[in-house]
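Take a look at the structure set out below.
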Amino acid sequence: MVKETQLKVEAIKNGTVIDHIPANIGIKVLKLFNIDGTNERVTIGLNLPSSALGAKDLIKIENVFLTEDQANQLALYAPKATVNQIENYEVVKKLNLSLPEFISAIFKCPNSNCISHGEPVNSGFKVLTKKSDIQLKCKYCEKVFSRQIVTECNS
Ligand code: CTP
Ligand code: ZN
């Protein structure tokens with residue numbers, strides 16, 4: 001892979017850089033982590049040139065560090081994103097993304113008849129993987145949906 005030679009967005013001192021997000025997914029990631037509600041400084045790059053992806057989105061959040069669990073929620077939208085932890089301008093850690101086995105309280109169920117819509121309950125899906133195919137099974141209606149259906153109906 002050809003290295004991207006220059007910083008497209010200013011370096012940060014402490015915090016998290018989520019890089020290599022596919023173009024158009026950056027805004028969803030902001031919502032996923034409620035980053036749009038934070039008081040910390042956030043810099044966002046959308047449609048930045050990337051040798052690996054063609055175009056990518058990038059998010060830098062100062063003074064916020066994602067847990068491994070939070071980073072794994074990202075895997076559903078952007079399995080190839082990199083999550084870098086920055087301390088004193090240095091990359092001190094890169095989190096590896098892996099799909100969680102269960103996803104709670106993030107996505108609503110695409111089935112409009114699902115009981116979860118009428119109740120004050122948290123949604124929940126079991127993550128099923130068949131080769132590179134990712135599917136989610138609702139714990140309430142037990143219907144199985146492709147990853148795309150679930151992320152699109154929640155965008
Ligand atoms: N970064 C930053 N502020 C810093 C250090 C790094 O915003 N003080 C950003 C870089 O711009 C990059 C990401 O954090 O988007 C990862 O940095 P680095 O590991 O140095 O970049 P790469 O070698 O390109 O790593 P990778 O291929 O994993 O993206
Ligand atoms: Zn359901």
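Counting convention: from 1, in listed order, for ligands and their atoms alike.
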What one should report as the nearest heavy-atom pair of Cys109 and Phe145 is SG-CE1, 3.8 Å
Hey, is CD on Gln148 packed in by over 12 heavy atoms from elsewhere, all under 6.0 Å? yes
Distance filter under 4.0 Å to Ile12 heavy atoms, resulting ligand 1 atoms: 2 (C), 3 (N), 4 (C), 7 (O), 8 (N)
Relative to atom 29 (O) of ligand 1, which among His20, Gln85, Lys13 owns the nearest non-hydrogen atom? His20
Please say whether Glu90 places an N or O atom under 3.5 Å from an N or O atom belonging to ligand 1. no
Element-labelled atoms of ligand 1 that are located less than 4.0 Å from some non-hydrogen atom of Val17: 2 (C), 7 (O), 9 (C), 13 (C), 14 (O), 15 (O)
Side-chain heavy-atom pair Val150, Ile103 within 4.5 angstrom cut-off: no
Once you round to the nearest 0.5 Å, how far does CG of Leu46 lie from CD1 of Ile25? 11.5 Å
Would you mind running through ligand 1 and noting each atom that sits below 4.0 Å from a heavy atom of Ala11? 2 (C), 3 (N), 4 (C), 7 (O), 8 (N)
Using a 4.0 Å cut-off to any heavy atom of Lys60, which atoms of ligand 1 qualify? 2 (C), 7 (O), 11 (O)
I'd like to know if the side chain of Asn14 and the backbone of Asn88 have a donor-acceptor N/O pair within less than 3.5 Å. yes
Give the atom numbers and elements of ligand 1 that come within less than 4.0 Å of a heavy atom of Tyr89. 4 (C), 5 (C), 8 (N)
Return yes or no for this condition: an N or O of Glu10 is under 3.5 Å from an N or O of ligand 1. no
If you draw a 6.0 Å radius around CD in Glu40, do more than 12 non-hydrogen atoms from other residues or ligands fall strictly inside? yes
